[in-house]
S.K.: 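Just dropping this structure here.
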Number of protein chains: 2
Amino acid sequence: MPADSSSAPLAAAPAASSDQPERISDAEHAVMEVLWQRSPLTAAEVCEQVCEPRGWSLATVKTLLSRLVTKQALATEPDGKRFLYSPRVAREAYVGSESRRLVDRLFGGRAAPLFAHLAESDALTEDDIAEIEALLKELKS
Amino acid sequence: MPADSSSAPLAAAPAASSDQPERISDAEHAVMEVLWQRSPLTAAEVCEQVCEPRGWSLATVKTLLSRLVTKQALATEPDGKRFLYSPRVAREAYVGSESRRLVDRLFGGRAAPLFAHLAESDALTEDDIAEIEALLKELKS
DNA sequence: CTCCATCGTTTACATGCGTAATCGACTACG
DNA sequence: CGTAGTCGATTACGCATGTAAACGATGGAG
């Protein structure tokens, strides 16, 4: 990508302007989880949390962090020579959109069928049922 | 693949031996939905159902069908010069694994938090709630 | 019998993702 | 001050996916 690089004020990246939150991939999601738990963190600190379990190298984590920054899912704050990363999208929002995606794709947007499915496939434990019952009671109030 | 085509009973493809059901992608899923609704169908018939809404060409559908056959998600049955395609994995199974995937990734495998989330984000309609209540009552019996 | 419409199969190509090595800048140790 | 370690950025590369055109066989129309 030789040639200039200035001219336009900014824009540049293919990360669109500001429409949807830009999908977060599976591997990226693992990184997000770490930062949702505690932040801001440096790349090395994030690695400490995920490299072992996922069998990743620091390099991989760095790549994922960069991509997440590009996707505007993470914010960076300089700290001496390195960066501190912190989530820019709330976990709530992410979880919400992912859940909705699934419900839309698989259950025509209705949550009840999802629940029915979970129930039928024994994916619900006693505790789950009790909890849900409690929530229901609350909703009805 | 020129050369023979017989010899081995089947296998061939890199689709592993017989472990997990092999992930179905988003576009592929759209094709599956058509066949889950009615099958067996020819490629052209599938196209009639999805090409318009998704803006696809018949060629695209053909590719997706092939990939699904490779993934063992579809079975083919010769019908004169063409093939009839039908699902090899039940919708139930697909929906189940996808749901479980989400619940695992986002809610630590517990269904109750998912439900709580849906409830909080107003993703539950009156009807949903009523339905779920009914299901709960049934479960408790 | 010949030619065309169709099939399924092959090949194509851009983008995204998983995973990482390499590179240029900078800092801290000696 | 030079050198080794570390940082983010750049580059890499193979596989999956979305989307489709090109190709070769074949069956039906004339």
Side-chain angles (χ1 to χ4, degrees), chain A residues 1-2 5 12-16 20-33 40-48 50-86 105, chain B residues 1-5 12-16 20-33 40-48 50-86 105:
Chain A
M1 58 312 285
S5 75
Q20 313 125 299
E22 213 22 294
R23 299 253 327 130
I24 288 173
S25 84
D26 229 56
E28 287 160 2
H29 172 232
V31 167
M32 290 301 290
E33 284 296 344
L41 295 180
T42 66
E45 287 167 334
V46 171
C47 186
E48 269 169 37
V50 287
C51 286
E52 273 289 315
R54 316 264 307 200
W56 287 345
S57 78
L58 173 59
T60 299
V61 171
K62 286 182 182 177
T63 300
L64 295 174
L65 286 170
S66 299
R67 289 183 182 165
L68 284 166
V69 169
T70 300
K71 291 184 182 180
Q72 314 211 284
L74 289 182
T76 58
E77 154 192 11
D79 171 51
K81 100 165 172 162
R82 60 248 174 82
F83 278 143
L84 294 181
Y85 299 86
S86 28
R105 280 191 355 135
Chain B
M1 257 10 77
D4 77 305
S5 76
Q20 312 123 300
E22 196 55 275
R23 301 255 325 134
I24 288 173
S25 84
D26 229 58
E28 287 160 2
H29 173 229
V31 167
M32 290 302 290
E33 284 295 346
L41 294 181
T42 66
E45 287 166 335
V46 171
C47 185
E48 270 168 38
V50 286
C51 285
E52 274 288 316
R54 316 265 306 202
W56 287 345
S57 79
L58 173 59
T60 299
V61 172
K62 286 182 182 178
T63 300
L64 295 173
L65 286 170
S66 299
R67 289 181 181 166
L68 285 166
V69 168
T70 301
K71 291 185 181 180
Q72 313 211 285
L74 288 183
T76 57
E77 155 192 12
D79 172 52
K81 98 164 171 165
R82 60 251 175 82
F83 277 143
L84 294 181
Y85 299 86
S86 29
R105 281 189 0 133

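Per chain, numbering begins at 1; letters A, B, ... match sequence-line order. These numbers come from a predicted model, not from an experiment.
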S.K.: Given C:dG18, C:dC17, D:dT17, identify the nucleotide with an atom nearest to the side chain of A:Asp26.
M.R.: C:dG18

S.K.: Measuring from A:Arg82:CZ to A:Glu45:CD, what's the distance to the nearest 0.5 Å?
M.R.: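 Here the rounded value is 7.0 Å.
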
S.K.: From C-beta outward on A:Phe83, which listed nucleotide comes closest to its side chain: C:dC7, C:dA20, D:dG8?
M.R.: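 Within the option list, the nearest is D:dG8.
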
S.K.: Between the base of C:dT6 and the side chain of B:Lys81, is one N or O donor paired with an acceptor at under 3.5 angstrom?
M.R.: yes

S.K.: To check you understand the geometry: which heavy-atom pair defines the closest contact between A:Ile24 and A:Lys71, and what is its length?
M.R.: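 For A:Ile24 versus A:Lys71, the nearest heavy atoms are CA-NZ, 4.4 Å.
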
S.K.: Quickly work out the A:Glu52 CD to C:dT19 P distance and round it to whole Å.
M.R.: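 Taking atom P of C:dT19 as the reference, CD of A:Glu52 is at 15 Å.
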
S.K.: Calculate the interatomic distance between B:Arg54 atom CZ and D:dG18 atom P; express it in whole Å.
M.R.: 8 Å

S.K.: Could you give the distance from CG (A:Leu74) to CZ (A:Arg67), rounded to the nearest 0.5 Å?
M.R.: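 It comes to 13.5 Å.
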
S.K.: Could you grab the distance from atom OG of A:Ser57 to atom NZ of A:Lys62, nearest 0.5 Å is fine?
M.R.: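 Answer rounded to 0.5 Å: 9.0 Å.
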
S.K.: Could you tell me how far apart A:Arg23 (CZ) and C:dG16 (C1') are, to the nearest whole angstrom?
M.R.: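 Result: 12 Å.
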
S.K.: Nearest-nucleotide wise, let me know which of A:Ala27 and A:Ala59 is further upstream toward the 5' end of DNA chain C.
M.R.: A:Ala27

S.K.: I want to check something: taking the side chain as every heavy atom from C-beta on, are A:Trp56 and A:Leu64 in contact at a cut-off of under 4.5 Å?
M.R.: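 Sidechains of A:Leu64 and A:Trp56: in contact.
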
S.K.: Can you check the B:Lys71 NZ to D:dG18 C1' distance for me, whole Å?
M.R.: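 Between C1' of D:dG18 and NZ of B:Lys71: 11 Å.
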
S.K.: Measure from the side-chain heavy atoms of B:Leu64 and tell me the nearest of C:dA20, C:dC7, D:dT19.
M.R.: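 For B:Leu64, the side-chain atoms sit closest to D:dT19.
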
S.K.: With sugar-phosphate meaning primed atoms plus P, OP1 and OP2, does A:Arg67 contact a base, only sugar-phosphate, or nothing at under 4.0 Å between heavy atoms?
M.R.: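 Base contact - A:Arg67 has a heavy atom under 4.0 Å of at least one base atom.
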
S.K.: Quick one: B:Asp79 CG to C:dC7 C1', roughly how many Å, whole number?
M.R.: 12 Å

S.K.: Grab the CG-P distance between B:Leu68 and C:dG8 for me, whole Å please.
M.R.: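 Rounded to whole Å, this separation is 14 Å.
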
S.K.: Under 4.0 angstrom, heavy atoms only, what part of the nucleic acid is B:Thr63 near: base, sugar-phosphate, or nothing?
M.R.: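 The answer is base, as B:Thr63 lies within the cut-off (heavy atoms under 4.0 Å) of a base atom.
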
S.K.: Measure the distance from CG on B:Leu84 to C1' on C:dG8 and round it to the nearest whole Å.
M.R.: 13 Å

S.K.: Quick check on DNA chain D: between A:Thr42 and B:Lys62, whose nearest nucleotide comes earlier from the 5' end?
M.R.: A:Thr42

S.K.: May I ask you to evaluate whether B:Ser25 reaches the phosphate of D:dA16, defined as a side-chain N or O under 4.0 Å from OP1 or OP2?
M.R.: no

S.K.: Rounding to a whole Å, what distance do you find between B:Arg82:CZ and C:dT9:P?
M.R.: 14 Å

